[in-house]
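Presented below is the structure to which this report refers.
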Amino acid sequence: MAIVSAAVTASFLPARGVAVPIVDTATTVAIAGLFFVHGVRLHPREALRGLTHWRLHLTILSFTYIAFPLIGLGLNTVLPAVLNPTLAAGVLFLTLVPSTVQSSVGFTSIAKGNVAGAIVAASTSNLLGVFLTPALTLAVMNTGGGAAVDPTSVIDIMAQILVPFIAGQLLRPWLAGWVEAHPKIKLFDQVSIVLVVYAAFSEGVREHMWQRVSMGDIGILVVVCASVVIVMLVATWYLPALVGFSRPDRIAIQFCGTKKSLASGLPMATVLFVGQDIGLMVLPLMLFHQLQLMLCGWLANRYARQGPQAVTSEHEQPSDPP
């Protein structure tokens with residue numbers, strides 16, 4: 001609700017005049033702080049140790065960083081002809097961002113899936129995403145993605161994302177305990193994302209982005225995002241069954257392999273697409289995020305109601321319905 005409220009507020013009351021540099025500076029600081037906290041929270045040793053269940057994690061990473069981008073590239077061959085080009089580019093970008101951590105683990109827990117595997121897989125996805133998402137964006141979106149990424153933004157990526165993240169990792173031995181003892185720090189994450197949304201949509205309104213988008217564009221975008229969510233939910237459920245994953249593992253794969261992180265994607269977009277219609281660029285990711293939460297929430301509760309009587313052997317048949 002806060003994210004939607006920030007977008008609506010910026011659409012009617014965008015930052016203008018002297019407020020612009022203030023909001024921009026606050027956003028830059030918030031992004032750096034956000035990735036610093038991510039660095040403190042993520043334990044690389046735990047992620048590496050958990051990779052011993054390599055089939056599970058390789059499968060999840062393949063869905064996140066191979067299957068999703070391939071879908072994005074496929075859609076990019078047709079969407080620019082029927083959709084606002086910036087929105088089409090935003091659809092491609094959303095397929096490149098890492099998975100979520102909190103919601104992936106939360107839904108896996110509700111559904112009685114492999115929680116330990118979900119924790120490691122989601123953490124690893126975010127750990128790798130700090131490096132992979134900017135690299136994939138630079139490679140893919142500069143070669144027909146509909147939105148150019150200035151190579152000089154590598155410096156901004158290092159200053160606002162990589163350096164704070166690495167600093168957080170280095171200081172983790174001293175700060176991790178303090179961060180864990182103060183759970184309200186998550187409010188900083190939430191406030192940072194809301195600020196990024198407000199800044200992005202403010203910039204878009206100053207550039208008259210809503211005048212360049214029709215209701216037809218919005219309708220197409222909703223259909224596209226919903227279709228991608230459903231296709232990935234089906235693929236992440238049935239394909240792992242074909243290679244013998246147990247039901248708990250399939251649940252972890254489904255909820256980790258279909259998520260796209262708003263918390264990581266929005267700040268990255270702000271850094272990568274400087275000078276472009278950030279508001280329109282992140283709109284597909286925001287919409288996708290809401291749809292994935294609703295559908296995965298429904299699925300998690302459905303799995304929970306099915307209870308432990310569901311088959312859990314490594315030879316579970318793929319005909320079991322999700």
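- Shortest non-hydrogen contact noted between Val194 and Ala2 is CG2-CB, 3.7 Å.
- Atoms CG and OG1, from Leu272 and Thr137 in turn, are 5.5 Å apart once rounded to the nearest 0.5 Å.
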Q | Stepwise side-chain contact (heavy atoms from CB on, under 4.5 Å) test for Leu287 and Leu283 | A | CA-CA 6 Å; Leu287 180 60; Leu283 187 59; 5.6 Å; no
Open item on the list: Assess the residue pair Leu175 and Phe36 against the criterion (side-chain contact (heavy atoms from CB on, under 4.5 Å)); give the C-alpha distance rounded to whole Å, side-chain angles, the decisive distance to 0.1 Å, and a yes or no.
Closed with: CA-CA 11 Å; Leu175 296 179; Phe36 176 80; 3.6 Å; yes
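- Inspection of the Tyr238 and Gln254 side chains reveals no N or O donor paired with an N or O acceptor under 3.5 Å.
- Connection of Val222 to Met294 is established within a shared hydrophobic cluster, with ILVMFWY side chains joined at heavy-atom distances below 4.5 Å, either directly or through further cluster members.
- Atom CG of Leu87 sits about 9.0 Å away from atom OG of Ser214, to the nearest 0.5 Å.
- For the pair Thr133 and Met268, the tightest heavy-atom approach, listed with the atom from each and the gap, is CG2-SD, 3.5 Å.
- Linking Ile, Leu, Val, Met, Phe, Trp and Tyr whenever their side-chain heavy atoms come within less than 4.5 Å puts Leu171 and Trp178 in one cluster.
- Note: Tyr303 and Phe107 fail the aromatic proximity criterion, with ring centroids not under 6.0 Å apart.
- Thr100 and Ser104 are linked by a side-chain donor-acceptor pair at a separation below 3.5 angstrom, with hydrogens and angles left out of the test.
- Side-chain contact between Ser125 and Tyr65 is present, with at least one heavy-atom pair separated by less than 4.5 Å.
- No side-chain N or O of Asp217 forms a donor-acceptor pair with one of Asn84 less than 3.5 Å apart.
- Using modelled atom types, one side-chain atom of Ser202 and one backbone atom of Ala15 make a donor-acceptor pair closer than 3.5 Å.
- Side chains of Leu73 and Thr77 form no contact here, defined as non-hydrogen atoms less than 4.5 Å apart.
- What you find for Gly257 and Met232 is that their closest heavy atoms are O-CE, 4.0 Å.
- Residues Phe201 and Thr9 form no side-chain contact, since every pair of their non-hydrogen atoms from C-beta on lies 4.5 Å or further apart.
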Criterion side-chain contact (heavy atoms from CB on, under 4.5 Å) on Asn76 and Val91, from CA distance to verdict:
CA-CA 8 Å; Asn76 193 62; Val91 172; over 6 Å; no
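- Residues Phe273 and Val23 fall into different hydrophobic clusters, defined by Ile, Leu, Val, Met, Phe, Trp and Tyr side chains chained together at heavy-atom separations under 4.5 Å.
- Under the 3.5 Å distance criterion, the side-chain polar atoms of Ser109 are left unmatched by any main-chain donor or acceptor of Val105.
- Pro98 is not listed as a side-chain neighbour of Leu132, based on a closest heavy-atom distance of 4.5 Å or more.
- Shown here for Cys256 and Ile60, the closest heavy-atom pair between the two residues is CB-CG2, 3.8 Å.
- The same ILVMFWY cluster, assembled from side-chain heavy atoms under 4.5 Å apart, contains both Val97 and Leu233.
- Using a 4.5 Å heavy-atom cutoff, the side chains of Ile251 and Lys112 are not in contact.
- Side-chain heavy atoms closer than 4.5 Å link hydrophobic residues (I, L, V, M, F, W, Y) into clusters, and following such links, possibly through other members, connects Val243 to Phe63.
- Counting heavy atoms from C-beta on, the side chains of His289 and Val229 never come closer than 4.5 Å.
- Annotation for Ala269 and Ile278: closest pair O-CD1, 3.7 Å, computed over non-hydrogen atoms.
- For the pair Leu75 and Ile71, the minimum side-chain heavy-atom distance is below 4.5 Å.
- By the 4.5 Å heavy-atom criterion applied to side chains, Phe68 and Val228 are counted as neighbours.
- For Gly117 against His57, the heavy-atom pair with the smallest separation is O-CE1, 3.4 Å.
- The line from CG of Leu94 to SG of Cys225 is 6.0 Å long, rounded to the nearest 0.5 Å.
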Exercise. Apply the test side-chain contact (heavy atoms from CB on, under 4.5 Å) to residues Arg16 and Val205: give CA-CA distance (whole Å), side-chain angles for both, the deciding distance (0.1 Å), then the verdict.
Key: CA-CA 10 Å; Arg16 297 185 185 276; Val205 170; 4.0 Å; yes
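- Between atom CG of residue Leu299 and atom CH2 of residue Trp237 there is a gap of 8.5 Å, rounded to the nearest 0.5 Å.
- Note that SG of Cys296 and CG of Asn301 are 11.5 Å apart. Values are rounded to the nearest 0.5 Å.
- To the nearest 0.5 Å, atom NZ of residue Lys260 and atom OG1 of residue Thr64 are 5.5 Å apart.
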